[in-house]
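Have a look at the structure below before the remarks.
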Amino acid sequence: GTSRVGSSDVLPTAACDWRAVSRAMLHARLQSYLQARGLDADDVPKVMGTFFSAKYVTWAAFCVVGVRHQPISRLLRRPSRAAWDRVGCRFASRWQQALSGSRFAEWYAEKSARLANRLAERSSWVATARAFAQDPRQMALGLAEGMLLYKLM
């Protein structure tokens with residue numbers, strides 16, 4: 001019974017011992033880190049739950065705003081002269097006109113229309129949009145814009 005270094009019964013035991021020691025060291029370091037900041041290990045699930053709740057509430061809010069207002073499409077849309085004359089905002093008018101005539105605006109309008117139309121052809125999406133009394137294409141576009149703004153945030 002002498003064990004050789006290359007034998008199959010020595011390596012798994014050494015690997016398991018190394019993993020157990022690593023876990024114990026990590027656990028001790030995490031506990032000392034939490035205690036140094038006045039937290040307890042029981043606080044971690046509460047903090048994570050609060051964080052994820054805030055994250056998904058924010059995501060849902062951006063999606064609702066996107067569906068309702070379609071802010072990117074509205075920003076890139078060329079304003080009518082009558083609308084800007086009523087508002088009286090000349091600088092914003094020039095800025096929006098310059099932006100709406102850009103290659104990015106053309107690319108975005110073409111790409112978003114194509115993808116929104118593709119999604120609007122699905123029967124499950126049509127049923128969902130009808131349940132919310134929305135046009136399927138406009139809802140798809142607004143949802144995508146809301147998610148995009150959430151990611152940029």
Checklist entry - Taking it one step at a time, do Gln31 and Leu34 satisfy side-chain contact (heavy atoms from CB on, under 4.5 Å)? => result CA-CA 5 Å; Gln31 278 188 329; Leu34 290 172; 5.7 Å; no
Item to check | Check against side-chain contact (heavy atoms from CB on, under 4.5 Å), Tyr150 and Lys55 | outcome: CA-CA 10 Å; Tyr150 172 77; Lys55 173 186 172 181; 3.0 Å; yes
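- Between Arg37 and Tyr33 there is a side-chain heavy-atom pair separated by less than 4.5 Å.
- When every heavy atom of Val126 is checked against every heavy atom of Ala120, the shortest pair comes out as CG2-O, 3.1 Å.
- At distances below 3.5 Å, not a single donor-acceptor pair connects side-chain atoms of Asp43 with backbone N or O atoms of Leu39.
- The shortest heavy-atom contact between Ala129 and Met139 is CA-SD, 3.6 Å.
- Counted by atom type alone, Tyr108 and Glu145 present one or more donor-acceptor pairs between their side chains at under 3.5 Å.
- No more than 12 heavy atoms of other residues, nucleotides or ligands sit less than 6.0 Å from atom NE2 of His27.
- Proximity of a side-chain donor or acceptor of Ser73 to a complementary backbone N or O of Gln70 within less than 3.5 Å is not detected.
- Environment of CH2 in Trp59: sparse, with no more than 12 heavy atoms of neighbouring residues, nucleotides or ligands closer than 6.0 Å.
- Contact detail for Asp42 and Lys46: the closest heavy-atom pair is O-CE, 4.0 Å.
- Taking CH2 of Trp125 as the start and CZ of Arg137 as the end, the distance is 13.0 Å to the nearest 0.5 Å.
- Checking Leu143, Leu149, Thr58 one by one against Cys63, the side chain to side chain contact (heavy atoms under 4.5 Å, CB included) holds for a single residue, Leu143.
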